[in-house]
Amino acid sequence: MVKSLRLTVINDNVGTEGLKNDWGWSVLLESEKWRILFDADTEPEVIEHNDRVMGLNLKNLDYGFLSHYHGDHYGGFQYIGKITQNLRVFTPPSSYKILEKWNLDVVEVEKPMKLMDDVWSTGPMGFVREQALGIKVDSLGLIVIVGCSHPGVDSLAYKLKILSGEDVYLTIGGFHSPSKRRLDNLAKISKYITPAHCSGEEAKNYVKSKYREKFIEVRTGSKITLP
Ligand SMILES: [Fe+2]
């Protein structure tokens, strides 16, 4: 059972003074049981700087999770490989073995599955073979974290809802300039919505105006503590 979860945005496309930022996405997920790094941005220097300035102690991780093999999500794993010892990283299947070269212990997720208690992966979806992560927080429901949503943010969230049997509480991450139809679908199943990274201003403004009560904004350095 996961009783509490804290999400710290290490890098988002939108910056904050005092922290470095670039085009990319990286979130630290901390429960009372584990610390998981979801994606690792583009530049090792950005993650290193923000790790130090925010005092995140990223050398002390239990797992990594890579949504998909695009540079704005895996680049900073080079830094993580340097400061950790054979960290286990859940990735989509790929012939691109860059994370292994960086001293990480890659576990390929080949299908939808439970990774550990109250934690699920969609498994690789769509042409880009992207996976999303779902975490059940006791008393709230499912927290859905996405990378760039190439298979569609509504499809990823729905897959995790079915897989876990839990209602979606929050969906956060890059939504990849989604159509209004996708955002409307997502709004039907997700209590709160946090478009970040590659979601685009149009999608942010659409959620902010049409679903004001659901909208939560983040940027580099933001923290969300649940419950
Ligand atoms: Fe991306």
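Because only heavy atoms are used, hydrogens play no part in the values below, and waters and symmetry mates are left out as well, while side chains stay in. Ligands are counted one by one from 1 in listed order, and the atoms in each one are counted from 1 as well.
Residues meeting the side chain to side chain donor-acceptor pair (under 3.5 Å) test with H68, sequence neighbours left out: H70. Residues satisfying the salt bridge (charged side-chain N to carboxylate O under 4.0 Å, His left out) criterion with R6, sequence neighbours excluded, are E30. Applying the side chain to side chain donor-acceptor pair (under 3.5 Å) rule to N13 yields the partners H197; only residues at least two apart in sequence or on another chain are considered.
Checked by atom type, the side-chain pair D72/T42 shows no donor-acceptor distance below 3.5 Å.
Of all protein N/O/S atoms, those under 2.8 Å from the Fe ion (ligand 1) are D72 OD2, H73 NE2, C148 SG, H197 NE2, and waters are not counted.
Between Y96 and Y69, the angle of the ring planes goes over 60°, which puts this pair in the perpendicular group of the 30/60° scheme.
Taking the charged nitrogens against the carboxylate oxygens, E32 and K3 have no contact shorter than 4.0 Å, which rules out a salt bridge.
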